[in-house]
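Data first, discussion second: the structure below is written as structure tokens.
Computation of the quantities below employed the complete heavy-atom set of this structure, encompassing side-chain atoms and omitting hydrogens, waters and symmetry-equivalent molecules.
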Amino acid sequence: MQWADVLADPCLRDLPYKIELDGYGRIVMTPASNHHARAQSRLVRRLDRTFTTGEVLSECSVATRDGVKVADVAWLSDDFLARHGEATPYPEAPELCVEILSPSNTAAEMAGKAALYLQAGAREVWLVDEAGHRTIHGPDGVRETSVFPEAADWPPLF
């Protein structure tokens, strides 16, 4: 299955799940929770206040070497937007991709997803736990602080 097929299929439109594709074109669904949705909204608002340029998106689809992944939240620079506009999915990862962890996520699964975003061009990936603490991943591995000066010394996110 291709991402355009997922978008066009009326049976998949109102599911209470986050949908992604794996490298074989199979649909992967993750159940949504209100806690996760609230954390996502809070993070979008906080990033929008912090980054004065570019745009913050929720549910940002990205083509990776293992299918289409959907970042919970992403920050896209003005340059990224000029290059890609509203392409769906984006052919490369935005500069910042954020995943909010759920109890069903394993550490290995999320480290793998962070690696996919980084391989697709992200400068940084944040994995945010249920308490709002972030683990920052860069191409060089886990970092203590963000490369984005606006967000380098943040306290827990929510």
Side-chain angles (χ1 to χ4, degrees), residues 1-51 54-78 80-137 148 151 154 156-158:
M1 193 168 220
Q2 299 295 315
W3 195 244
D5 300 325
V6 171
L7 295 176
D9 190 330
C11 295
L12 300 175
R13 288 201 180 127
D14 295 319
L15 294 175
Y17 302 100
K18 177 177 178 176
I19 296 175
E20 297 178 322
L21 292 179
D22 68 10
Y24 300 101
R26 296 178 297 200
I27 292 174
V28 178
M29 295 189 294
T30 306
S33 73
N34 289 335
H35 173 78
H36 191 274
R38 288 183 69 214
Q40 191 171 345
S41 294
R42 289 178 190 154
L43 186 53
V44 165
R45 287 191 303 271
R46 189 164 178 186
L47 284 171
D48 201 41
R49 286 190 308 266
T50 300
F51 288 89
E55 194 165 333
V56 179
L57 298 181
S58 62
E59 303 298 323
C60 181
S61 60
V62 178
T64 74
R65 67 175 175 77
D66 189 36
V68 176
K69 304 303 176 201
V70 180
D72 290 323
V73 179
W75 174 75
L76 296 66
S77 69
D78 290 332
F80 184 95
L81 289 165
R83 287 193 320 274
H84 301 296
E86 294 184 4
T88 303
Y90 282 119
E92 66 180 282
E95 289 88 340
L96 175 61
C97 295
V98 182
E99 288 291 338
I100 300 166
L101 305 180
S102 299
S104 62
N105 297 132
T106 66
E109 169 193 9
M110 298 314 292
K113 201 167 186 182
L116 289 171
Y117 290 134
L118 291 165
Q119 291 166 359
R123 288 184 59 204
E124 199 162 271
V125 177
W126 298 353
L127 302 180
V128 180
D129 68 20
E130 290 191 324
H133 298 95
R134 65 184 174 164
T135 303
I136 302 169
H137 295 256
F148 299 104
W154 279 12
L157 299 171
F158 34 84

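To the nearest 0.5 Å, atom CG of residue Asp72 and atom OG of residue Ser102 are 7.0 Å apart. To the nearest 0.5 angstrom, Met1 atom CE is 13.5 Å from Arg26 atom CZ. Once rounded to the nearest 0.5 Å, the distance linking CD of Glu55 with CG of Leu47 reads 12.5 Å. Rounding to the nearest 0.5 Å gives a distance of 9.0 Å between CD of Glu99 and CD of Glu109. For the atom pair CD1 of Ile19 and CG of Leu12, the computed distance is 4.5 Å after rounding to the nearest 0.5 Å. The distance from the CZ atom of Arg134 to the CG atom of Leu127 is 11.5 Å, given to the nearest 0.5 Å.
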Practice prompt. Would you sort out whether Trp75 and Thr50 count as a side chain to side chain contact (heavy atoms under 4.5 Å, CB included), showing the intermediate values?
Written response: CA-CA 11 Å; Trp75 174 75; Thr50 300; over 6 Å; no
Worksheet item: Could you go step by step and tell me if Glu130 and Leu101 meet the side chain to side chain contact (heavy atoms under 4.5 Å, CB included) rule?
Response: CA-CA 6 Å; Glu130 290 191 324; Leu101 305 180; 5.7 Å; no
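Put simply, the side chain of Lys113 never gets that close to the backbone of Ala108: no donor and acceptor are under 3.5 Å apart. Not one N or O on the side chain of His84 forms a donor-acceptor pair closer than 3.5 Å with the backbone of Glu92. Judged by distance alone, the side chain of Thr30 and the main-chain N or O of Val28 form no donor-acceptor pair under 3.5 Å. Remark: the backbone N or O of Phe80 is not paired with any side-chain donor or acceptor of Tyr90 at under 3.5 angstrom. The main-chain N or O of Val70 is found under 3.5 Å from a side-chain atom of Lys18 such that the two form a donor-acceptor pair. At least one donor-acceptor pair under 3.5 Å links the side chain of Asp5 to the backbone N or O of Gln2.
The minimum heavy-atom distance between Cys97 and Ala122, with the atom names listed, is SG-CB, 4.3 Å. For Gly23 against Asp66, the heavy-atom pair with the smallest separation is N-OD1, 3.0 Å. For the pair Pro156 and Arg46, the tightest heavy-atom approach, listed with the atom from each and the gap, is O-NH1, 3.1 Å. The two residues Pro89 and Val68 have their closest heavy-atom pair at CG-CG2, 3.9 Å. Minimum heavy-atom separation, Phe148 to Glu95: CZ-O, 3.8 Å. The minimum heavy-atom distance linking Leu76 with Pro94 is given by the pair CG-CB, 3.7 Å.
More than 12 heavy atoms of other residues, nucleotides or ligands sit less than 6.0 Å from atom CG of Asp78. Annotation: Arg83, atom CZ; neighbour count of heavy atoms from other residues, nucleotides and ligands within 6.0 Å is above 12. By the 6.0 Å contact criterion, CZ on Arg13 is enclosed, its count of non-hydrogen atoms from other residues, nucleotides or ligands being greater than 12.
Inter-residue side-chain proximity for Arg42 and Leu157 is flagged as unmet; no heavy-atom pair is nearer than 4.5 Å. Contact annotation: the side chain of Tyr17 never approaches that of Ile27 to less than 4.5 Å [non-hydrogen atoms, C-beta and beyond]. At least one side-chain heavy atom of Arg65 sits under 4.5 Å from a side-chain heavy atom of Leu116.
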